[in-house]
Structure formats: structure tokens, C-alpha cells
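So you know, we letter chains A, B, ... as the sequences are listed, proteins then strands, and number each from 1.
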Amino acid sequence: MSLFCRYSCTFSRPLSSASILSLLRRCKTIRSLEQVHPHIIHKGCEQDAFLITEFISLCIAFSSNLSYPTSLFERITQPNIYLWNTLVKGYCRHSSLTNSFWVFSRMKVALDVTPDKYTFPPLIKNCANSLALREGRVLHGLILRCGTDCDVFVGSSLIDFYGKCKEIQCARQVFDGMPVRNEVSWTAMIVGYLNYGDPAEAKNLFDGMAKRNVASWNAMISGFVKLGNLKSARHLFDEMPERNAVSYTTMIDGYAKAGDMESARMLFEQLVEKDIISWSALISGYAQNGQPTEAIQMFYRMQFSSVKPDEFIMVSLMSACSQLGCLELAKTIDSNMHGSSFDLRRVHIAAALVDMNAKCGNMDRASTLFEEMPTRDIVSYCSMMQGLSIHGRGLQAVALFDRMLKEGLVPDSIAFTVILTACSHAGLVEEGCRYFDSMVNEYSLEPSPEHYACLVDLLGRSGKLKTAYELLNSMPVKPHAGAWGALLGACKLHCDLELGEEVARRLIELEPLNACNYVLLSDIYAAANKWLDVSLMRLQIRERGLRKVPGRSWV
DNA sequence: TGCTCTGCTG
């Protein structure tokens, strides 16, 4: 029996305001609040500003939907300052800057109320998060006129605002002018300097703080992590008197971004109360560092804790699955995503779903999801093209690239890598050369070693072995082994013994331990009936203790 | 009379 049914039985006798208040305070969801509402009406408390403020406050905490709290507010004939401030806060948290200012302007013309020190902080915070410098300055002017500039909350939010907008001088002016400062004001100032790119001044302030709390330490650690200075970050982490989940997560993420998953994992295991963000930092770290199996293992471990996965974690999981190309897992994740409350139209989720299905070989599903996307960007196009390319559908990839251009999207360096690879896999020589040409001449993009490798492959396949060889020797960037390997493959295809020997020599210099290079050369000798050389190559492979790793696939 | 505001993590 729910909490409310007990009271509903005695509905004829209205509850006292105090009982309604205690009911309100036990509410955990917007649903339960809706069940308390009739009691407020029954008691005739609809105009009770205190109760309604509490009610609206809870609505805002539980849901981002403002229509319900707004309709309650509109029924109040003369809202007091508490009610106005609560409504402003709700709009600041859940709506646009324009709408927040709209509520604020209504408040300013309302009778009997004047904006006070409680009104401004949420509005300034909203400006800070939107980097709305002009609007924030207007508020600052009003704050000075209202005389609320001495309040520590108002001052702290102004410091944060100017800091986020990189107006560090203004932030410092507010900071220096404050009659009373607390840890929040100091931390906001420190973060401002870190964000501005002045870690020395940040550290200077941090060292000068009379009283630091865990957030001030975390801010300083996060600053060092963002600068890539893991040593200093770890030093502070070890030095701080007490640590919370944020401290650990900041360090874990720092190690993960630096590719040091071992240290990340070690700290993660030390963290007693693992929250969703710490799980996410570790799982995404594994996924981004090419350790998909570990990412998936950690995901399964998380399922046994009380933490429920959110969209960040699901995107990492899908990325890990893509790397493995595991179709079964992809199907499971896909169906779970559809049965869940995740908003699949959100770009990054939709893109991850397309990418996972494409890389795992479910092209039909990927294609459906791709077409259903509300907007398609370069990333989602690249996922589809790469999927088509992996599965040998080069012509379709080319068609998709052209469609992307027609949609007005401008291809970047990665998009060209994808389409050139697709062309080279599918042997689309003409198309590939055309794309390479347009990348350099139309889009003025500097070709990378990968782009050159694709071009070498394309030239080689079409029999232009000499051109490809000259390209490799004259290109402005240092060719990687893949480019030489592509040419060696082409030499084998076109039975060019002389060039094959030369290319293999260069390649073996670059990668003396890769058995494939020796095998390719021995294949070329075999095709030319030079059996003595074939056996010499095999002897070399044995003598050097090399073994060809057999190709394998997860699909 | 009570209730409303600020800084650090994926």
C-alpha cells in the first residue's frame, strides 16, 4: 500500500499543513508529488506560498519539465520573493537563457518584489554556462544597483562567470572587491586562472588559501590533468587530506587519456564508493585505448553493482563492441538499447549504434538506423562508409560520399581516409585518384601517411608500379610500412620481380620482424619460378625465428 | 517563522 493511500482513506478530513509538508518531504518522484497535489487543494492551501515554494522546488529537482511547476505558479495571485526565486532557478536550470530572462523580466515588473541576492546566482550561472558575456554584464550592472554585490554567493557566481568567459581581469576585480570570501569564491577564481591558461597564478592562489576543502583540491588536480601534467596532479592527489569520488575520477580519467590504463585501474580499485562517473571514466578509457575486452569485462562487473549504465557508458560499450566486430554482442546491445529509455535520436547515441552495427557486419540494420537519424553529420557518414568499405561494398561507399557532399557537408581529413581506404579495398582506382586529387586541390587538405598509403595501393593495383614507387620516394611525409606493403602486394599482383625485391628490401629495413614481408617476397619469387630464392627466403624466416601470425576475424 | 543562491569528475 502506498504512502498516499493511507491518507486518501481519510480524505474527508483535510490534512494539516504540517502533514502535507512532511508528505512532500518524503516524495522522491514527480509521480508522488502529483499524488500530494489534491491534498493541497482539499486543504485550501493553493495560495500558501510556503507550501507551493516547497512543491515547485521539488518538481524542479525531479523533472526538467517546467509546464507543471509553471502552471502551479500561475495560480498564485501574489507570488512572494521565495516563489519568484524558485521559479527563476527552475528556468535557469532547465530552460534556455532567453526563457530564464523572460521570467526574470516578469519578476522585475511584479508588484511587491525586488530581485535579491537569491535571484542573481542562478541567472549568472546560466550566463556562465552559455558563455553569454553581454547578458552577464547586464546582470552585473543590476547587481551593483540592487546593492547585492557584497553577498558571497553573488560574488562567487560572478567570478565563475567571468572566468568561464575568459575575462580573467574582471573575475579578479570581483574577487578582490569581495568583503567576505569562502572556499567557493577561491576555487572559482583558481578554476578561472586554470581555464585562462595561467596555472602558476592558480597554484599561487591555491597555496595562499587559508582553508581548503576537497573541491578546491580537486579543482587544482583537474587543472594539472587538463594540462597533461599528471606528475603534479598525482602529487596533489597523494598530498590531500581527504579524497572523494571526484578526486579519484579526475585522476583515473587523466591516466586513461594518457594511455596509462594500469595506473587508472589501480586507483579505480582503491576507490571504495564507485559512482557512475568513475565507472564511465574507466570503461571509456579501455575503449579508447584499444582494450575493448577489458571495457566489456568492466561493464559486466558494473552490472553487479548498484550503478545503472547511462548513455555515456553505453556509447563506450558500443565502441568496444565495434572494435571486436562481435555481431552477437552487437545484437544484444542493440536490442537492449531499444527496450530502454535512452533517447536513440540523440546524435552521439545514434552514431554509436550505426557504427557498431556497420563494423559488426549488420549493414542492413546500420543502414536503417542511419536513414532514421534526424540529422546526419560527418561522423555518422564516416561510420556508414567505413562499414560498407569493411564489407567490400566500395561502390556504395562512393555513392554515400557523393551524397554527403550533396547534403552540403564538408569532408575532413578522416572522411578522405575512409573513402580512399574504401576505394583501395574495392579496387576503385579511378574514383580513388579523383578523391585524392580533390582533397589536395579542392579542400586544401595536407595528405597524411595514411592517405598516401591508399594512393600507393590504388596506383599499384592499376599497374602503375613505377609511379607508385616514385611517389613513395618523393612524398613530403615519411611513408609508413603499410604504404610499402601495399606496393609490395601490387608487385606480386603484377609479377614485377625487380621492383618487388627493391620494395621488400626497404620494407624489411622498416619492419625486420614482420614475417609477412618475407612471405610476400617469397611469393613473388615463386611466381617467377625462382625456387632457389623461395627456399632462401624460407630459410631466413626460420633463422630469424619469425612466424607468420595467421589472419583471423571476429565476424 | 519556515522555503529560495555559488566552486571540482565521464
Given [options], identify the nucleotide with an atom nearest to the side chain of [X].
X: A:Pro121; options: B:dT9, B:dG7, B:dT6; result: B:dT6
X: A:Ile313; options: B:dT4, B:dG10, B:dC8; result: B:dG10
X: A:Ser156; options: B:dG10, B:dC8, B:dT6; result: B:dT6
X: A:Asn182; options: B:dT6, B:dC5, B:dG10; result: B:dT6
X: A:Val191; options: B:dC8, B:dT9, B:dC5; result: B:dC8
X: A:Ile277; options: B:dT4, B:dG10, B:dC8; result: B:dG10
X: A:Val184; options: B:dT9, B:dG7, B:dC5; result: B:dG7

Q: Taking the six-membered ring for Trp and the single ring otherwise, decide whether the centroids of A:His140 and A:Tyr162 are under 6.0 Å apart.
A: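 A:His140 vs A:Tyr162: aromatic centres under 6.0 Å.
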
Atom pair distance, as rounded to whole Å: [atom1] in [X] and [atom2] in [N]:
X: A:Leu139; N: B:dT6; atom1: CG; atom2: C1'; answer: 14 Å
X: A:Leu51; N: B:dG2; atom1: CG; atom2: C1'; answer: 10 Å
X: A:Met189; N: B:dC8; atom1: CE; atom2: P; answer: 14 Å
X: A:Arg93; N: B:dT4; atom1: CZ; atom2: C1'; answer: 11 Å
X: A:Phe175; N: B:dT6; atom1: CZ; atom2: C1'; answer: 14 Å
X: A:Phe268; N: B:dG10; atom1: CZ; atom2: P; answer: 16 Å
X: A:Met220; N: B:dT9; atom1: CE; atom2: P; answer: 13 Å
X: A:Ile283; N: B:dT9; atom1: CD1; atom2: C1'; answer: 15 Å

Q) Between A:Ser157 and A:Asp160, does any side-chain donor sit less than 3.5 Å from a side-chain acceptor? A)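 Note: A:Ser157 and A:Asp160 side chains miss the donor-acceptor criterion.
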
Q. Hey, mind stepping through A:Lys164 and A:Asn195 against side chain to side chain donor-acceptor pair (under 3.5 Å) and telling me if it holds?
A. CA-CA 7 Å; A:Lys164 284 209 168 87; A:Asn195 184 35; over 6 Å; no

**Q.** Centroid under 5.5 Å and tilt under 30°, A:Tyr118 to B:dT4
**A.**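 Taking the rule of under 5.5 Å and under 30°, the ring of A:Tyr118 does stack on B:dT4.
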
Q: Could you tell me whether the side-chain ring of A:Phe153 sits stacked on the base of B:dC5, using a centroid cut-off under 5.5 Å and a plane angle under 30°?
A: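 Yes.
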
Q) Salt bridge check: are A:Glu34 and A:Arg31 linked by an N-O gap of less than 4.0 Å? A)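 Salt bridge: yes.
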
[X] side chain N/O closer than 4.0 Å to the phosphate oxygens (OP1, OP2) of [N]?
X: A:Lys125; N: B:dT6; answer: yes
X: A:Lys89; N: B:dC5; answer: yes
X: A:Thr187; N: B:dC8; answer: no

Looking for any heavy atom pair under 4.0 Å, which part of the strands does [X] touch: base, sugar-phosphate only, or nothing?
X: A:Asn213; result: base
X: A:Ser216; result: base
X: A:Lys117; result: base
X: A:Asp310; result: base
X: A:Thr53; result: base

Q.
Once hydrogens and angles are ignored, does a donor-acceptor distance under 3.5 Å link the base of B:dT6 to the side chain of A:Ser157?
A.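 Such a pair does not exist between side chain and base.
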
Q: Among A:Asn126, A:Thr70, A:Asn99, find the one that has a side chain to side chain donor-acceptor pair (under 3.5 Å) with A:Tyr91.
A: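 The passing option is A:Thr70.
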
Q.
Quick one: does any side-chain atom of A:Ser284 pair with a main-chain N or O of A:Ser280 as donor and acceptor, under 3.5 Å?
A.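 Looks like yes, one N/O pair under 3.5 Å.
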
